[in-house]
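Scroll down for the structure; my scribbles are underneath it.
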Amino acid sequence: MATPDFILDIRATAGHQLLLLPGVSVVVLDDDGRVLLGRRADTGKWAIIGGIPEPGEQPATTAVREVFEETAVRCVPERIILVQALKPITYPNGDRCQFMDTSFLCRAVGGEARVNDDESLEVGWFPVDALPELADFDLTRIKRALSDEPTWFDATVAE
């Protein structure tokens, strides 16, 4: 996955130290209730679509932009399904990040699903009862998107 230029600029002075970064993930459904997934170029695994907001960009705008950039599908945000601080990760180059993820449910409104950049090996629509192997992260978000429950967040208060 391409690292945004603004993060490369930060890394030039911050080195590998832990950065708290915003992230957006997107569960896109079509009119048939299928889920849009991409098989990631960096891991080879199927996943929901996601990315990092540009400075000043609203999370919903990021969701729409990332879906189009990666899959050529046009979508509109319907609701926030989940907000969650993810566990810190260390990349092979030693960079450490922790993402504050805002997950959206979006409805597809146009375009034909196809690989539209170098971040995906494949993209496609999948019926909910025939999903490929997915990480728990993705399955949780899909489940939340399909429910009528309010936005999920961890309400635990640290003492």
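Given the structure is predicted, the values throughout are model-derived calculations rather than measurements. No hydrogens, no waters, no symmetry mates; every other heavy atom, side chains included, goes into these values. Throughout, residue positions are numbered sequentially from 1 according to the sequence presented.
Neither side chain, Arg11 nor Gln17, offers a donor N or O lying under 3.5 Å from an acceptor on the other.
Judged by distance alone, with hydrogens and angles left aside, the side-chain atoms of Thr151 form a donor-acceptor pair with the main-chain N or O of Ile80 at under 3.5 Å. No donor-acceptor pair under 3.5 Å is formed between the side chain of Thr71 and the backbone N or O of Phe68. Here the side chain of Gln98 pairs no donor or acceptor atom with the backbone of Leu18 at under 3.5 angstrom. No donor-acceptor distance shorter than 3.5 angstrom exists from the side chain of Arg107 to the backbone of Val28, with no hydrogens or angles considered. The backbone N or O of Glu54 lies less than 3.5 Å from a partner atom in the side chain of Glu57, making a donor-acceptor pair. Using modelled atom types, no side-chain atom of Asp32 and backbone atom of Arg34 make a donor-acceptor pair closer than 3.5 Å. With Thr62 contributing its side chain and Gln58 its backbone, the two residues share a donor-acceptor pair below 3.5 Å. Under a 3.5 Å cut-off, the side chain of Arg79 and the backbone N or O of Ala145 do form a donor-acceptor pair.
Classification of Arg144 and Glu149 as a salt-bridged pair holds, one side-chain N sitting under 4.0 Å from a carboxylate O. Here Arg141 pairs with Asp101 in a salt bridge; the nearest charged N to carboxylate O distance falls below 4.0 Å.
Closest non-hydrogen pair, Glu70 versus Asp117, comes out as CG-OD2, 3.4 Å. Among all heavy-atom pairs drawn from Ile48 and Asp138, the shortest one is CG1-OD1, 2.9 Å. Minimum heavy-atom separation, Cys106 to Pro77: SG-CA, 3.5 Å.
If you take CZ on Arg40 and CD on Glu122, they are separated by 14.5 Å, rounding to the nearest 0.5 Å. Here the straight-line distance linking atom OG of Ser103 with atom CD1 of Ile142 works out to 10.5 Å at 0.5 Å rounding. Expressed to the nearest 0.5 Å, how far OG1 of Thr90 lies from CG of Asp95 amounts to 9.0 Å. In this structure, OG1 on Thr102 lies 9.0 Å from CG on Leu82, to the nearest 0.5 angstrom. Interatomic distance, Trp152 CH2 to Ile81 CD1, rounded to the nearest 0.5 Å: 11.5 Å. To the nearest 0.5 angstrom, Asp9 atom CG is 11.5 Å from Thr3 atom OG1.
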Item to check | Derivation and outcome, side-chain contact (heavy atoms from CB on, under 4.5 Å), residues Leu36 and Phe126 | outcome: CA-CA 6 Å; Leu36 180 64; Phe126 292 86; over 6 Å; no

Next on the checklist: I'd like to know whether Leu21 forms a side-chain contact (heavy atoms from CB on, under 4.5 Å) with Ile7, so could you lay out the CA-CA distance, the side-chain angles of the two residues, the decisive distance to 0.1 Å, and finally the verdict.
Outcome noted: CA-CA 9 Å; Leu21 297 171; Ile7 294 175; 3.8 Å; yes

Next on the checklist: Between Asp30 and Trp125, is the side-chain contact (heavy atoms from CB on, under 4.5 Å) condition met? List the steps.
Outcome noted: CA-CA 8 Å; Asp30 68 4; Trp125 293 104; 3.8 Å; yes

Checklist entry - Is there a side-chain contact (heavy atoms from CB on, under 4.5 Å) between Val64 and Val76 once you walk through the steps? => result CA-CA 7 Å; Val64 171; Val76 294; 5.9 Å; no

